[in-house]
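Heads up: the structure comes next, in structure tokens.
Order of the sequence lines sets the chain letters (A, B, ...), proteins ahead of strands, with each chain counted from 1.
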2 protein chains.
Amino acid sequence: MARTKREQAPEEKRNEIVAAARALLVQEGYDATSISRLAAAAGVAPNTIYWYFKDKDEVLIAVLDAELTASMSDYLQLQTTSRTERLLWVANQLAQVSRLVSTVHTRLEQSPAIHAWHERFHELSEGVLRAEFQQAGVAADRIEARVKISVFAIEGLLSHPLPEAEKRAICAALVGE
Amino acid sequence: MARTKREQAPEEKRNEIVAAARALLVQEGYDATSISRLAAAAGVAPNTIYWYFKDKDEVLIAVLDAELTASMSDYLQLQTTSRTERLLWVANQLAQVSRLVSTVHTRLEQSPAIHAWHERFHELSEGVLRAEFQQAGVAADRIEARVKISVFAIEGLLSHPLPEAEKRAICAALVGE
DNA sequence: ACCTGAACACCGTTCAAGT
DNA sequence: ACCTGAACACCGTTCAAGT
């Protein structure tokens with residue numbers, strides 16, 4: 001096909017791959033999302049994925065970045081409710097992409113790129129929580145442990161789903177309400 | 001080789017496979033531990049693994065069972081120190097096999113056998129923690145949330161290693177000391 | 001610049017055959 | 001009962017070739 005006959009901007013094709021990858025990674029997981037399946041879902045040949053991405057982990061990172069951007073902008077429009085409800089909202093948002101979270105933790109050790117993304121994500125999350133605890137008047141020398149415990153508890157809620165009431169009780173215990 | 005000429009009891013060979021699997025799974029992880037590598041380490045042909053185990057996940061479960069049995073008997077000889085120190089000990093024990101923990105969480109969704117093992121392990125762990133909180137005089141209606149938060153925090157410490165002092169601060173915050 | 005068909009070295013698992 | 005060689009259908013990735 002001649003170059004002038006393009007029907008699609010190149011980054012649109014890339015976005016299609018990312019969208020297909022998001023759906024597959026969330027619903028089926030990393031291992032079940034083979035490059036062949038992803039290519040079929042995106043309507044390209046398997047090796048075409050490698051024109052747009054260095055390797056499979058870079059596809060994952062593109063999905064994670066898109067997800068993070070969308071979720072952060074949602075969070076910022078939420079400053080109305082109580083701290084408990086805000087934390088519960090975050091837990092429930094992440095629960096919708098829990099397979100993504102679990103995949104990140106598994107591939108941490110094998111992929112330096114995923115490792116770096118994970119570090120960045122935790123710095124961001126802990127910054128937000130630190131600000132919440134400061135605002136709530138928690139003593140300065142107790143904030144760090146409280147921040148870590150909250151992060152760990154949220155992650156725990158992802159891999160071990162609980163009824164809404166129990167989740168809320170845990171969030172309340174975490175923020176001290 | 002004639003049957004009477006056996007140099008090795010059959011379960012000894014099985015134990016060798018489990019021992020080799022433990023080392024590989026802890027040091028290299030599930031994906032990196034291919035059946036071929038495991039077979040080479042155990043000194044058998046790859047398909048011989050399938051004589052002793054139904055599939056790769058059953059090898060993992062055999063390793064997990066051996067690990068759990070050994071750790072539980074260690075824990076029971078530990079009833080001397082403070083609650084903080086006991087919790088920290090558990091965290092550090094698990095940290096030595098954190099790759100195993102991470103593997104269990106990843107394979108949960110794909111293997112019903114791993115899922116069942118994981119449920120059993122949590123029931124056991126939560127039972128132990130519940131007893132600790134009761135003994136510490138925590139109000140009955142607050143125990144469940146405290147138990148869950150502690151479990152989640154321990155798991156968090158595994159995937160996000162921290163300096164010993166921070167780990168101890170977190171354990172102290174969890175048990176309320 | 002963008003995309004592909006064919007190949008490479010793997011993987012977990014199965015099966016028929018040997019002792 | 002225990003173990004194997006050879007095969008099966010996959011996998012992520014690369015490469016030379018096409019437009």
Side-chain angles (χ1 to χ4, degrees), chain A residues 1-21 24-25 28-63 103-104 106-114, chain B residues 1-21 24-25 28-63 103-104 106-114:
Chain A
M1 197 189 295
R3 260 212 266 161
T4 47
K5 225 185 145 211
R6 280 214 128 282
E7 288 152 24
Q8 222 172 14
E11 45 188 297
E12 233 176 287
K13 183 106 259 174
R14 201 193 127 104
N15 288 341
E16 272 172 37
I17 295 174
V18 173
L24 282 167
L25 288 170
E28 318 267 358
Y30 188 85
D31 286 344
T33 303
S34 71
I35 296 286
S36 318
R37 280 192 75 185
L38 172 54
V44 294
N47 45 1
T48 297
I49 307 290
Y50 292 89
W51 174 258
Y52 292 97
F53 303 94
K54 191 179 147 286
D55 56 24
K56 197 178 170 182
D57 285 309
E58 290 294 333
V59 180
L60 173 58
I61 285 175
V63 170
T103 299
V104 167
T106 305
R107 299 218 45 84
L108 261 183
E109 314 153 355
Q110 303 167 58
S111 158
I114 301 287
Chain B
M1 196 189 293
R3 262 211 268 161
T4 46
K5 222 185 150 211
R6 281 214 127 282
E7 287 151 25
Q8 223 173 12
E11 46 186 298
E12 233 176 288
K13 182 106 260 175
R14 200 193 128 103
N15 288 341
E16 273 173 37
I17 296 174
V18 173
L24 282 168
L25 287 171
E28 319 267 357
Y30 188 85
D31 285 345
T33 304
S34 72
I35 296 286
S36 317
R37 280 191 75 186
L38 172 55
V44 294
N47 45 2
T48 296
I49 306 290
Y50 292 90
W51 175 259
Y52 291 96
F53 302 94
K54 190 180 147 285
D55 56 25
K56 196 177 171 184
D57 285 308
E58 291 294 334
V59 180
L60 173 57
I61 286 175
V63 170
T103 298
V104 167
T106 304
R107 299 217 47 81
L108 260 186
E109 314 153 357
Q110 302 167 57
S111 159
I114 301 287

B/S36 side-chain N/O to C/dC11 phosphate OP1/OP2 under 4.0 Å: yes
Side chain to side chain donor-acceptor pair (under 3.5 Å) against B/T106, all qualifying residues, sequence neighbours excluded: A/T106
Under 4.0 angstrom between A/W51 side-chain N/O and C/dC2 OP1 or OP2: yes
Side chain proximity check, B/W51 to B/V44, heavy atoms < 4.5 angstrom: no
Whole-Å gap separating P (C/dA1) and OH (A/Y52): 13 Å
Euclidean distance, atom CZ of residue B/R37 to atom C1' of C/dG12 [Å, nearest integer]: 16 Å
Test side-chain contact (heavy atoms from CB on, under 4.5 Å) applied to B/F53 and B/V18, B/I61, B/L60, the passing residue: B/V18
Any strand: nucleotide that pairs with C/dA9 via Watson-Crick or wobble, under 3.5 Å: none
Full working for side chain to side chain contact (heavy atoms under 4.5 Å, CB included) between B/Y52 and B/E58: CA-CA 9 Å; B/Y52 291 96; B/E58 291 294 334; over 6 Å; no
Gap separating the CD1 atom of A/I49 from the CG atom of A/L38, nearest 0.5 angstrom: 4.0 Å
Distance, rounded to the nearest Å, where A/D31 contributes CG and D/dC10 contributes P: 16 Å
Between C1' of D/dC3 and CZ of B/F53, the distance in whole Å: 15 Å
Under 4.0 Å protein heavy-atom contacts per nucleotide of nucleotides 13-18 of chain D, with B for base, S for backbone only and - for none: BBB---
Among D/dG12, C/dC11, C/dC3, the nucleotide that comes nearest once only the side chain of B/S34 is considered: C/dC11
Minimum heavy-atom distance B/V59-B/A21, with the two atoms named: CG1-CB, 3.7 Å
Protein-nucleotide distance (B/R14, atom CZ; D/dC3, atom P), rounded to Å: 13 Å
Atom pair distance, as rounded to whole Å: CG in B/L60 and P in C/dG12: 13 Å
Contacts of B/Y30 that satisfy side chain to side chain donor-acceptor pair (under 3.5 Å) - sequence neighbours left out: B/D57, B/R107
Counter-base of D/dT4, judged by Watson-Crick or G-U geometry with both distances under 3.5 Å: C/dA16
Between P of C/dA1 and NZ of A/K13, the distance in whole Å: 19 Å
